[in-house]
Undergrad: 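I'd like to ask you about the structure that follows.
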Protein chains: 2
Amino acid sequence: MTKPADKPANKPGYRPLESLPTTTDLADFKVGVDTVIFSVDTEQNRLLVLLVMRHEKPYSGYWSLPGTLVRVGESLEAAADRALTEKIRVNNLYLEQLFTFGGPDRDPREAEDAYNIRYLSVSYFALVRYEDTALIADGVRGIAWYPLSQVPKLAFDHNQILTYGCKRLRSKLEYSPVAFDVLPETFTLSDVYQLYATVLGEDFSDYSNFRTRLLKLGILEDTKVKTSRGAGRPASLYRFDAEAFQPLKDKPMVFL
Amino acid sequence: MTKPADKPANKPGYRPLESLPTTTDLADFKVGVDTVIFSVDTEQNRLLVLLVMRHEKPYSGYWSLPGTLVRVGESLEAAADRALTEKIRVNNLYLEQLFTFGGPDRDPREAEDAYNIRYLSVSYFALVRYEDTALIADGVRGIAWYPLSQVPKLAFDHNQILTYGCKRLRSKLEYSPVAFDVLPETFTLSDVYQLYATVLGEDFSDYSNFRTRLLKLGILEDTKVKTSRGAGRPASLYRFDAEAFQPLKDKPMVFL
DNA sequence: GCAACTTATGGTTAATATAACCATAAGTAC
DNA sequence: GTACTTATGGTTATATTAACCATAAGTTGC
C-alpha cells in the first residue's frame, strides 16, 4: 500500500516495524467534519437532507454529506460552519456534534497515501428552516435537498453517518423542542403533528391527543391569524414562545 | 512558539502563510482517546471515577482520565480498550463514545511543537463493576478510584470531559438499564435505589414507588437469597434478567 | 345555493400511571 | 424484651394517557 519513492521519507507515520522508534508508531491524522443537515418542506410534507455532488477523487460522481477538512488554527465547529455556509445561506441554525468515525480504512485516500495518513471524521447534526435557506449554486458542484427516503448510495461511510443523524433526529424530537427550529416562523398545529408523524412513524400518537398535550405545555403562542391551505377549516397559526420554554429547559418532556 | 531548527523541515503542517501551498494549510493531528470510567461502591455507597497520575510532561503531577494516543492501524475503540486494560483488569464493561474535543490550543504540546501538530481527543464513557475490577499497580504510576465529589483539578481539559461524562451518566440511567452494568451481579433493591439517588439527586423519587415501578418492569429476577448487611430486615437479592429486557430494548423507559 | 367532503377544534370517558403516604415484617443493638 | 432499623407490601387521591366522538368552518362539485 505504501509507495515511499517519490516523497520525502523523514515524515512521521508508518514505517517498517523494526525501524520504528517508540514515539513514531502514533498514527497521523487529517480531520474532517461532515454535517447531516435536516430540513422539512411543510408544503409537500417531506423530510429533507442536504447533499452535495463530489467532483474530485475519491468517490467522484457520488453524492455526499457537506463537509471539509479542518484547517490550521480552526476549531471543529468553525470548520463545520465554513463547509455549511459555502453551500447554503441560512438564518436559523441548530448545530450539535453527532459522532466521530475514526477507524482505519474508512477513507480510500489512506491506502493511496505514501505516509499512511488517516482520515478521521467528526460528524455534526444540523437543523435549518427550509423557507429561510437558499442553496448557493456555484455552477460547478451540484447541491440538492434529497427526501430522506430517496437518498442514494453516498461517498465514504456517509450513509452510516446519516443513519446516526436519523437516530439523533428522532430522540431530539421526542425530548426537546427542536421541531420549532425546522418549522417555519409560524405554523399550524397540523404542521407540528405531520413533522412528528413523518419522523417518528405514523402510529406515534392520536392527532387530537397530541394537540392537547402540546398546547398544555404552554410554549406556543396563538397568533390568531388563520390560514387556509386548500380544503378544510382554516387553522390558527402558532409561534414558538422561547421565553415560556426557559423554565422547562431541564425538565424531561416527552411527546410520545 | 515554533522552533523549526532541530527537526526536519519538509513535514506537512504549519508554515509561514506566504509559503503555504493550498493543500497544506490543513491541520495535522494526533488523536487521543480519553475515557471517563464510572463505578459504584455499594458498600460505602459512593460513585467513583478512575484517575491516573501523570508522570510526564505536560501536566506532570496532575491526575488525569486514563487515555492514550491512537497508533497506526488501530481503531479508536481499540485504543480506548488498550488504555483501559493497561490500568484495570475488568470482566464486565460498558463502553460508548462521548464527545470529541478538537479545538486549537487545548493541548500545551501544540504550542511547543515545531510543526503545529494538533491534539484531538475522542472521549469515551465507560461503566464497570467495582467488585469485578482490579487496578493494575505497576509501581510507577498512581491509579485510583476517586469519589466524584472529591475529584481535583485534572490535566488538560479533562474536568470538562468529566462533566460531559456525568451528564451522560444521568441520562443513561434515566433511559436505559445501565445501572445493572455497574451494580454487582446480585444486588438488593436498595442498592439500585441508592445508585439512582446518588446520581440523580436525593429527591428524584420515593423509595417505595421506585420499588414497585422497577419490579413491574419485569426485568429483575428474585434469587430468593436473603442478605443481611448490618441492622434491619434482610433484603432479597435480585439479578438482572437480560432476556426479559430484550423486547423492551427500543421502548422508552423512564425511572423518574 | 346545496350536498358532500375535508380539515380544525374541543370535548368525553375508561383505563393507567404517579405521588404521597402508611402498616407491618423481620432482622440487629443493648 | 424494648428500641431501632431496614424491607416489603399495600392504599388513596390525583394526574396522565389512549381511544374515541361531535361540531365548526372552510372548499369542491353540481
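Quick note on labels: first sequence line is chain A, next is B, and so on, each numbered from 1.
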Undergrad: Could you tell me the separation between the CZ atom of A:Arg213 and the C1' atom of D:dA19, rounded to a whole number of Å?
TA: 12 Å
Undergrad: Sequence neighbours left out, what passes side chain to side chain donor-acceptor pair (under 3.5 Å) with B:Trp63? Give chain and number order.
TA: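 Expected list: B:Tyr146.
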Undergrad: Can you check salt bridge (Lys or Arg N to Asp or Glu O under 4.0 Å) on A:Arg229 and A:Glu43, steps first, answer last?
TA: CA-CA 9 Å; A:Arg229 299 202 275 253; A:Glu43 307 285 314; 5.0 Å; no
Undergrad: Mind calculating the distance between OH (A:Tyr207) and P (D:dA18) to the nearest angstrom?
TA: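 One finds 17 Å between P of D:dA18 and OH of A:Tyr207, rounded.
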Undergrad: Tell me every residue that passes side-chain contact (heavy atoms from CB on, under 4.5 Å) with A:Ser190, counting only those two or more places apart in sequence or in another chain.
TA: A:Thr188, A:Tyr207
Undergrad: Indicate, with yes or no, if the rings of B:Phe156 and B:Phe101 have centres closer together than 6.0 Å.
TA: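 Not close enough - the centres of the two rings lie 6.0 Å or further apart.
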Undergrad: Send over the distance from B:Tyr238 OH to D:dA7 P, rounded to a whole Å.
TA: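 Rounding to the nearest Å, OH of B:Tyr238 and P of D:dA7 are 11 Å apart.
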Undergrad: Can you tell me if B:Asp157 uses its side chain to pair, donor with acceptor, with the backbone of B:Gln160 under 3.5 Å?
TA: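 The answer is no, because no donor-acceptor pair under 3.5 Å joins these two groups.
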Undergrad: Quick check on contacts: within residues 186-195 of chain A, what sits under 4.0 Å from DNA chain C by heavy-atom distance?
TA: A:Ser190
Undergrad: Look for any protein N or O under 3.5 Å of an N or O in nucleotides 10-13 of chain D and output each such pair with its distance, or none.
TA:
from: D:dG10; atom 1: O6; to: B:Ser208; atom 2: OG; distance (Å): 3.0

Undergrad: Round to a whole Å and report the spacing from NZ of A:Lys226 to P of D:dA25.
TA: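 That distance rounds to 9 Å.
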Undergrad: Could you check how far NZ of B:Lys224 sits from C1' of D:dT8, rounded to whole Å?
TA: 13 Å
Undergrad: Run the ring-centre check on A:Tyr164 versus A:Phe125 and record whether the distance is less than 6.0 Å.
TA: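 Aromatic pair excluded; centres sit 6.0 Å or further apart.
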Undergrad: Please determine if a side-chain N or O atom of B:Arg229 lies less than 4.0 Å away from the OP1 or OP2 oxygen of D:dT5.
TA: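 No, because none of the side-chain N or O atoms of B:Arg229 sits under 4.0 Å from OP1 or OP2 of D:dT5.
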Undergrad: Would you mind building the protein contact string for nucleotides 25-30 of chain C? One character per nucleotide, 5' to 3', B for base within reach (heavy atoms under 4.0 Å), S for sugar-phosphate only, - for untouched.
TA: BBBS--
Undergrad: Does D:dG9 have OP1 or OP2 sitting under 4.0 Å from an N or O in the side chain of B:Arg211?
TA: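 Yes, B:Arg211 has a side-chain N/O under 4.0 Å of OP1/OP2 on D:dG9.
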Undergrad: Which of these nucleotides, C:dT9, C:dT18, D:dA7, is closest to any side-chain atom of A:Ala235?
TA: C:dT9
Undergrad: Is a side-chain donor-acceptor pair under 3.5 Å present for A:Glu96 with A:Tyr94?
TA: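 Yes, a side-chain donor-acceptor pair sits under 3.5 Å.
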Undergrad: Which whole-number value in Å describes the distance from A:Leu220 CG to C:dT9 P?
TA: 12 Å
Undergrad: Does A:Arg170 have any salt bridge (Lys or Arg N to Asp or Glu O under 4.0 Å) partners at least two apart in sequence or in another chain, and if so, which?
TA: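 Salt bridge (Lys or Arg N to Asp or Glu O under 4.0 Å) list for A:Arg170, sorted by chain: empty.
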Undergrad: Just checking, any donor-acceptor pair under 3.5 angstrom between side chains of A:Lys224 and A:Ser236?
TA: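 Distance-only check fails for A:Lys224 and A:Ser236.
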Undergrad: Should the pair A:Phe204 and A:Phe210 be assigned to parallel (<30°), tilted (30 to 60°) or perpendicular (>60°) ring geometry?
TA: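 Correct class here is perpendicular.
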Undergrad: Between atom CG in A:Leu237 and atom P in C:dT9, what is the gap in whole Å?
TA: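 Checked: the CG to P distance equals 10 Å.
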Undergrad: How many Å lie between CG on A:Leu214 and P on C:dA8, as a whole number?
TA: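 To the nearest whole Å, that distance equals 14 Å.
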Undergrad: Go through the side-chain N and O atoms of A:Ser121 and A:Asp34 and say whether any donor and acceptor fall under 3.5 Å apart.
TA: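 Side-chain D/A pair, A:Ser121 to A:Asp34: present.
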